[in-house]
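Notes follow once the structure below has been shown.
Note on naming: letters A, B, ... go to the chains in the order of the sequence lines (proteins, then strands), and numbering restarts at 1 for each one.
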Amino acid sequence: MEIAIPRKNIIWAYIIVGFFGLVSVVTLAIHEYYIYLSAYLWFGFIYGMCLQYGRFCFASAFRDLFAVGVPRMVVGIMIATLLFAITSNLVAATGWSTFHAAPVSIHSAIAGLIFGIGMVFAGGCASGSLYKTGEGNGVSLLVILSISVTQSLFVDWGGILNKFVPASWHESALQKGLPDSINVGDGWVDQYLAGYVWNQPVKTYAQSLGMQDDTLTGAMLGNAFAGVFVPAVIILAIVYFFWVRKNYMKKLQAEKGVVTFRDHLAGFWGMVMASKRTSLAGLFLGIACGLQMFVIEGLRMKFGVKNAGTILERLGHDFGISAKGTVFDPGYWYVTTQEAQWVGWTFQKLGMNNMDNIYFGWVNGIPSPAINPADWMSVALIGGAAVMALLHGEFKFKAPTRELAFWAILGGFFMGIGSRLALGCNVGAFFVRTAMGDMSGWLFGLGMIGGAFIGVKIFNWYTERQMAKEMAGLDFDL
Amino acid sequence: MAMTFAKKEEGIYELDVTGYVCPHPQIYTKKALEKIQSGDVLEVVFDNPSSSESVSAMCDSNGNEILEKIAEGGKFTFRIKKA
């Protein structure tokens, strides 16, 4: 399929790259600390290019499998996770990893379920909606807005929601010794975090096998092989067995009659290779993700800091720094927290107190989006996706219709809730955690698959009704 | 614009899902292909880039032949012959 690329697309691609280049150069001229933010920016740009090229969308992965029987994306994502596991665990083995595992319990699976339903409704996961915004998609922009606002309100919500907090969570939260400014006894998410989630164990596959995460054996054998390779191959085998095998055998039987085990191995490999566009994007994504950990940790050492909050304070930006002196600074690819932060910052500027909850006030802060490293990453991700879409003739402004706006807002709402319950989205709670051997990663993933299944069932019912209406005047057996 | 499905002429149908994002284009394409007769042609018009791979993979898997793929100005038209 030949696509002619208009000259204006190429000019716009140059303008976007030039803009980000100018931001990096000018801010570096102001102070060398800004290179820390520029590192986030350029990694975000690379992520955007990779995501758009590979159509890398977790919603598409499980939804297309259940809805139309297409395994391409789920295969690509499993391969990308595996490739990222190799690069990121190599970094972990050097002791330079910025990753911290999350508490493991059933909450990850429940959060994944809610998130999974939301991503099917919205038509894209958290990272997918970012790259699709770069393609000019107004629906995806609406999804991002919905995720952002939902999270920001949810983490600060007390009032009637306090009545749904178990007494044990409330008591446990009060015992955590948080400062009075946080007011931990008020707010459902605060008491969920301090009274339940923080009490859960933090486990990696390496640790459960008696190894250390920062040794070569622990990182590669415990986390990458046992924690990612084995489960990913099992999932791929299930996908082949239930979704690919039947049609593959039908084709082969018509050609040669008998199908052997060797043919099945060839079929399995064919399924993997059919996803090469996503896999190739996953390879570069995996390399970039691992490299980002290495670069950010290196910059922290160079500047003698452990968190970007210190850098921002040294630059004279003290608004929105958390009570611990920190801001959100994961050191690797992340999506949803920075989305919540810019809304939190806006509400704070409008007079609300958004610093009296754990999420903003104690951990992540709400620095201005103009100097928030993770926001630089997300904005550049949209830019990177736009450049790739422009260069492939796939950029097109699309305003949301009322119907799609409804699905976008509803889906974004579910994803926002799921993200905060899991302490991350499909990237932070699944892709990165799974790759790093964090046991909560697969739990979130299993929930997300279940949620996608439920979402597809609801969506099938809805589209069937729409189709029936549209075909009512035609002579079809409905 | 809302989704439209229309009969262009005998055995040729048009499904226009322009403006729709995933998963609408691929789900509507699947449903339309289920409704039409074997040998009929379905012309699918969409502008969601990632749906192009999903629709292609779906047709390949189900044995439906894509007779033509046209891409112009961010808009795609696939002519699919139902097996």
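Of all non-hydrogen atoms in Ala57(B) and Val70(A), the two that sit nearest each other are CB-CG1, 3.5 Å.
By the 4.5 Å heavy-atom criterion applied to side chains, Ser50(B) and Tyr131(A) are counted as neighbours. Between Met467(A) and Leu15(B) there is a side-chain heavy-atom pair separated by less than 4.5 Å. His24(B) places a side-chain heavy atom less than 4.5 Å from the side chain of Leu404(A). Contact annotation: the side chain of Val68(A) never approaches that of Thr29(B) to less than 4.5 Å [non-hydrogen atoms, C-beta and beyond]. In this structure, the side chains of Arg63(A) and Gln26(B) come closer than 4.5 Å at one or more pairs of heavy atoms.
Only the side chain of Phe459(A) comes within contact range of chain B, with heavy atoms under 4.5 Å apart. In this structure, chain B has a heavy atom under 4.5 Å from the side chain of Arg277(A), while its backbone stays farther away. In this structure, no portion of Asn9(A) lies under 4.5 Å from any heavy atom of chain B. There is no contact between Glu34(B) and chain A, counting heavy-atom distances below 4.5 Å.
Counted by atom type alone, Glu470(A) and Tyr28(B) present zero donor-acceptor pairs between their side chains at under 3.5 Å.
Atom CD of Glu53(B) sits about 7.5 Å away from atom OG1 of Thr278(A), to the nearest 0.5 Å. We find the CE-CD distance between Met3(B) and Glu403(A) to be 8.0 Å, quoted to the nearest 0.5 Å. To the nearest 0.5 Å, atoms CE (Met471(A)) and CZ (Phe5(B)) are separated by 3.5 Å.
Listed by chain and residue number, Phe66(A) satisfy the ring-ring contact (aromatic ring centres under 6.0 Å, His included) test with Phe453(A) (two or more places apart in sequence, or in another chain). Looking at residues two or more places apart in sequence or on another chain, you find a side chain to side chain contact (heavy atoms under 4.5 Å, CB included) between Asn247(A) and Lys250(A), Ser61(B), Asn62(B).
Ranked by heavy-atom pairs under 4.5 Å with chain B, the list Arg55(A), Gln466(A), Lys251(A), Gln52(A) is led by Arg55(A). Per-residue counts of heavy-atom pairs under 4.5 Å with chain B were compared for Asn137(A), Thr463(A), Ile5(A), Val244(A); the largest is that of Thr463(A).
Between Pro49(B) and the choices Glu394(A), Lys396(A), His392(A), Lys132(A), the side chain to side chain contact (heavy atoms under 4.5 Å, CB included) rule is met once, by Glu394(A).
Using a 4.0 Å cut-off between charged side-chain N and carboxylate O, Glu464(A) and Lys35(B) make a salt bridge.
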